[in-house]
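Worth knowing before you read on, the calculation uses all heavy atoms, side chains too, and leaves out hydrogens, waters and symmetry mates.
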Amino acid sequence: MNTKRRSNWYIYLITFVITGVLLFIVSQALLSSYYSSQQAQNVNDQQNHGTIFVPDSNYNFTMLLMLGKSIDATPDYYMTLTYRADKSQFTVMPYLGNSYIGGSTLKGAYNSGGAESVMRAISAGTGIEINKYIRFTASTAVQLFDTVGNTTLSVPKNIKYENDDHTLTIINSGTSIFSGKQLYEYLSLPDYGEKDMQYPCKVHATAISSFINQNFTDISESSLDEYMDFIIGFTSTNITEQDYLSKKAALLYSFDDAPTPCDYYIPYGDLSGNEYVISEGSVDSIKDIVNR
């Protein structure tokens, strides 16, 4: 007796359907991954060009910068750096060591309680929140200056100064390119041959704002990471990596947005004995710069 062989067509149909479904799922997953990556790239590109991410005042801050010869010595030079993310603007404000503000001179505040006391004094005297600082020494300042790049400065007159070891520091007038060591020497001269006691502040303000404008405009993310890694790792600072990461996108935007992102303001006042008392009018100007 002849028997007919059963057809297994339905098995092939089921296999075909299952294979089709699996291929569809895999293709959708791959397409989803591709479009997600493209979307993320587009977002990054748009952020870099300022079409989506535009920093607001939540990214603003004011921090304290200090410079002294060594880590054990009281800093000789003090400066605040204000960042207005909503304006893409940085402002440096140099202070004399004997500046009296917030109930103390800045050197006196440092000797009594370190960087935290200096920040409290300036904050108390101006009403501006300052809770981050960087303290540079001669070696860390020179290394950072050299890592970032040379700075071109215009020196108004010849300067000759005899150092403690009886060597001479000579800086010629005119426009010159300053290496890291030369820039540090220029900033740390105790006497510029001027009767104006605020003249060192003018030197510091113009030099540091020029250093920022010439070297940080259109800075790459990798370079900014490198500089901040050095600051966090090798200077005395309370800035953490998380602090930096929380501000990085805004900083990159601002350095890309403005051709000259940094300006300066020099707090003024009057000499009272050995103390330089910051005036109320200058405090009002400082508040205006930070809050305008």
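Under the 4.5 Å side-chain heavy-atom criterion for ILVMFWY residues, a single connected hydrophobic cluster contains both Ile289 and Tyr78. When the side chains of ILVMFWY residues are joined at heavy-atom separations under 4.5 Å, either directly or via intervening members, Tyr264 and Phe61 end up in a single hydrophobic cluster.
Considering all non-hydrogen atoms of both residues, Val277 and Ser272 come closest at CG2-CB, 3.9 Å. Here the closest non-hydrogen pair linking Thr137 and Ser70 is CG2-C, 3.6 Å. Counting all heavy atoms, side chain and backbone alike, Ile266 lies closest to Ala205 at CG1-CB, 4.2 Å. Taking all atoms of both residues into account, the shortest heavy-atom contact from Gly193 to Lys157 is O-NZ, 3.0 Å. Listed here is the closest heavy atom pair of Tyr199 and Pro156: OH-CG, 3.2 Å. Residue Ala109 comes nearest to Ser104 through the heavy atom pair N-OG, 3.2 Å, listed as atom of the first residue, atom of the second, then distance.
Without hydrogens or angle criteria, Thr217 side chain to Asn213 main chain gives a donor-acceptor distance under 3.5 Å. Put simply, the side chain of Gln198 gets close to the backbone of Pro267: a donor and an acceptor are under 3.5 Å apart. In terms of modelled atom types and a separation under 3.5 Å, the side chain of Thr237 and the main chain of Tyr133 share a donor-acceptor contact. With hydrogens and angles ignored, the 3.5 Å screen pairs no side-chain donor or acceptor of Glu185 with any backbone N or O of Thr169. With Tyr83 contributing its side chain and Ala250 its backbone, the two residues share a donor-acceptor pair below 3.5 Å. Using modelled atom types, no side-chain atom of Thr91 and backbone atom of Thr82 make a donor-acceptor pair closer than 3.5 Å. Judged by distance alone, with hydrogens and angles left aside, the side-chain atoms of Ser57 form no donor-acceptor pair with the main-chain N or O of Asn60 at under 3.5 Å. Of the possible polar contacts, one joining the Ser99 side chain to the Leu96 backbone as a donor-acceptor pair under 3.5 Å is found. Within the 3.5 Å criterion, the main-chain N or O of Asp218 finds no donor-acceptor partner in the side chain of Asp256. Ser254 places no side-chain N or O within donor-acceptor distance of the main-chain N or O of Leu251, the cut-off being under 3.5 Å.
Between Ser179 and Asn150, the side chains place no donor N or O within less than 3.5 Å of an acceptor N or O (distance only, hydrogens not considered). Checking Ser282 against Tyr265 by side-chain atom types alone, a donor-acceptor pair falls below 3.5 Å.
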Apply side chain to side chain contact (heavy atoms under 4.5 Å, CB included) to residues Thr151 and Asn215 and explain how you reach the verdict.
CA-CA 8 Å; Thr151 303; Asn215 293 291; 3.6 Å; yes
Does the pair Leu81 and Phe90 meet the rule for a side chain to side chain contact (heavy atoms under 4.5 Å, CB included), with working shown?
CA-CA 7 Å; Leu81 171 64; Phe90 299 80; 4.1 Å; yes
Does the pair Thr152 and Phe178 meet the rule for a side chain to side chain contact (heavy atoms under 4.5 Å, CB included), with working shown?
CA-CA 6 Å; Thr152 300; Phe178 285 69; over 6 Å; no
Candidate pair Tyr59 and Phe53, rule ring pair (Phe, Tyr, Trp, His ring centres under 6.0 Å), full reasoning:
CA-CA 12 Å; Tyr59 292 89; Phe53 174 77; 5.7 Å; yes
Verify ring pair (Phe, Tyr, Trp, His ring centres under 6.0 Å) between Phe145 and Tyr184, making sure each step is shown before the conclusion.
CA-CA 8 Å; Phe145 291 151; Tyr184 170 78; 7.9 Å; no
Pair Asn172-Val155, side chain to side chain contact (heavy atoms under 4.5 Å, CB included): steps then yes or no
CA-CA 7 Å; Asn172 294 321; Val155 179; over 6 Å; no
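For Ser188, there are no side chain to side chain donor-acceptor pair (under 3.5 Å) partners at least two apart in sequence or on another chain. Looking at residues two or more places apart in sequence or on another chain, you find a salt bridge (charged side-chain N to carboxylate O under 4.0 Å, His left out) between Lys248 and Glu221, Asp225. Partners of Asp257 by salt bridge (charged side-chain N to carboxylate O under 4.0 Å, His left out), not counting sequence neighbours: none found. Lys160 meets the salt bridge (charged side-chain N to carboxylate O under 4.0 Å, His left out) test with no other residue; sequence neighbours excluded. For Tyr95, there are no side chain to side chain donor-acceptor pair (under 3.5 Å) partners at least two apart in sequence or on another chain. Partners of Asn58 by side chain to side chain donor-acceptor pair (under 3.5 Å), not counting sequence neighbours, listed by chain and number: Asp56. The side chain to side chain donor-acceptor pair (under 3.5 Å) check on Ser112 picks up nothing, with sequence neighbours excluded. Take Asp196 and apply the salt bridge (charged side-chain N to carboxylate O under 4.0 Å, His left out) test, not counting sequence neighbours, and it matches Lys202.
If you take CE on Met93 and OG on Ser285, they are separated by 9.0 Å, rounding to the nearest 0.5 Å. Expressed to the nearest 0.5 Å, how far CG of Leu224 lies from NZ of Lys247 amounts to 14.0 Å. Going from atom CZ of Phe136 over to atom CG of Leu67 covers 8.5 Å, rounded to the nearest 0.5 Å.
For Ile177, the CD1 atom is loosely surrounded, since the number of other residues' heavy atoms within 6.0 Å does not exceed 12.
Partner Thr235 forms a side-chain contact (heavy atoms from CB on, under 4.5 Å) with one of Leu65, Ile71, Thr140 and no other, that one being Thr140. Of the candidates Asn238, Leu106, Ile122, Ile134, Ile122 is the only one forming a side-chain contact (heavy atoms from CB on, under 4.5 Å) with Leu64.
Pairs engaging residues 80-91 under the salt bridge (charged side-chain N to carboxylate O under 4.0 Å, His left out) rule: Arg84-Asp86 [sequence neighbours left out]. Applying the salt bridge (charged side-chain N to carboxylate O under 4.0 Å, His left out) test to residues at least two apart or on different chains, none of the pairs has a partner in residues 279-289. Here salt bridge (charged side-chain N to carboxylate O under 4.0 Å, His left out) pairs that include residues 105-121, with residues two or more places apart or in two chains, are Asp76-Lys107. Applying the salt bridge (charged side-chain N to carboxylate O under 4.0 Å, His left out) test to every pair with at least one member in residues 129-138, sequence neighbours left out, gives these pairs: Lys132-Asp243.
Ring centroid separation for the pair Phe216 and Tyr227 comes in under the 6.0 Å cut-off.
His204 and Tyr192 have perpendicular rings, their planes meeting at more than 60° on a 0 to 90° scale where under 30° would count as parallel. Below 30°, between 30° and 60°, or above 60°: for Phe230 and Phe234 the angle between ring planes is below 30°, a parallel geometry.
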